[in-house]
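Every chain is numbered from 1, with letters handed out A, B, ... down the list of sequences. Nothing here was measured: the structure is a model prediction, and the numbers come from that model.
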2 protein chains.
Amino acid sequence: MKQYYSYEAFRDDTKKLIHKSKVFKPESIVAIARGGLTLAHCMAEGLNLREVQSIRTELYDKETKREEITLFGSCDFGNKTRVLVVDDIADSGETLQVVMSYLQSNFENVEFQSATLFYKKSSLYEPHFWINEANNWIEFFWEKDFL
Amino acid sequence: MKQYYSYEAFRDDTKKLIHKSKVFKPESIVAIARGGLTLAHCMAEGLNLREVQSIRTELYDKETKREEITLFGSCDFGNKTRVLVVDDIADSGETLQVVMSYLQSNFENVEFQSATLFYKKSSLYEPHFWINEANNWIEFFWEKDFL
């Protein structure tokens, strides 16, 4: 079953997520594109953070049928030490797990925490901050309103 | 005078901007962060483009009082040849002019065009695609709804 997720619901939940994430005192944000872009933008405004970078992943089916995620985009955090990684949903959790592991191993002096609007209990990765448990297929307003 | 720009207005204008931009047949999108992130995300959904990258600028006051823009973020377009650069507004136009010039000189085989929701007549750069002329100070919903 598809569940339409409107801008109004997004606005209210994002304000809650901003409030929750403040305990981490993030200095910079990494958006996972595309899904995390709008959320990262709005959280950056609410948290008053100017630095938003993005990273993109692609899932490949290898010949062996094992899936492999490739990351695109390089990050630079300067002297920042607390970075929030933002995506819309932790569904399988694979993307977030790969991104978090990549970032942490490449930037040892930075602490990374993650935030999503939705979290599926079956996800292999649980974000530090999340708002709703996802039981249905979420259809975000950005996936629907611009077609 | 401040003019609040709601999600509903954004949604309607972005659909128009998606329609206008289709003539360029973009294969990839660059968002100028922060302002262009939500628009780039929604345009990518409407244009069915998976590749969204972001670039960030900072304006510095140099000692000589001349302003200088520094760019953060590196792009990679693979074999793509038509890339749409997206920002919320061409106000002074300085950011867009610097970004477009930087991208074009660094990726000679790529054609770049630009799209914004607002364009101020006094801007020193006019985007290829824009929707509204800006006469007031625009207060975008992402700047207001998450405070």
Residue L47(A) versus chain B: region with a heavy atom under 4.5 Å: neither
Greatest number of heavy atom pairs closer than 4.5 Å to chain B - which of C42(A), A40(A), G46(A): C42(A)
Co-membership, hydrophobic cluster, residues [X] and [Y], 4.5 Å side-chain:
X	Y	result
F140(A)	M43(B)	yes
F118(A)	F10(A)	yes
I69(B)	I89(B)	no
V52(B)	L17(B)	yes
V99(B)	L37(A)	no

Does any heavy atom of chain A fall under 4.5 Å from the side chain of [X], the backbone, both, or neither of them?
X	value
L39(B)	neither
A33(B)	side chain
I18(B)	side chain

For chain B against chain A, print all donor and acceptor atom pairs separated by less than 3.5 Å.
residue	atom	partner	partner atom	Å
Y7(B)	OH	D145(A)	OD2	2.6
R34(B)	O	H41(A)	NE2	3.2
R34(B)	NH1	A44(A)	O	3.4
R34(B)	NH1	L49(A)	O	2.8
T38(B)	N	H41(A)	ND1	3.2
T38(B)	OG1	H41(A)	ND1	2.7
H41(B)	ND1	T38(A)	N	3.2
H41(B)	ND1	T38(A)	OG1	2.7
H41(B)	NE2	R34(A)	O	3.2
H41(B)	NE2	W142(A)	NE1	3.4
A44(B)	O	R34(A)	NH1	3.4
L49(B)	O	R34(A)	NH1	2.9
S54(B)	N	S54(A)	OG	3.4
S54(B)	OG	S54(A)	N	3.4
S54(B)	OG	S54(A)	OG	2.9
S74(B)	OG	S74(A)	OG	2.8
W142(B)	NE1	H41(A)	NE2	3.4
D145(B)	OD2	Y7(A)	OH	2.6

All side-chain contact (heavy atoms from CB on, under 4.5 Å) counterparts of V110(A), not counting sequence neighbours: F77(A), V83(A), F107(A), F112(A)
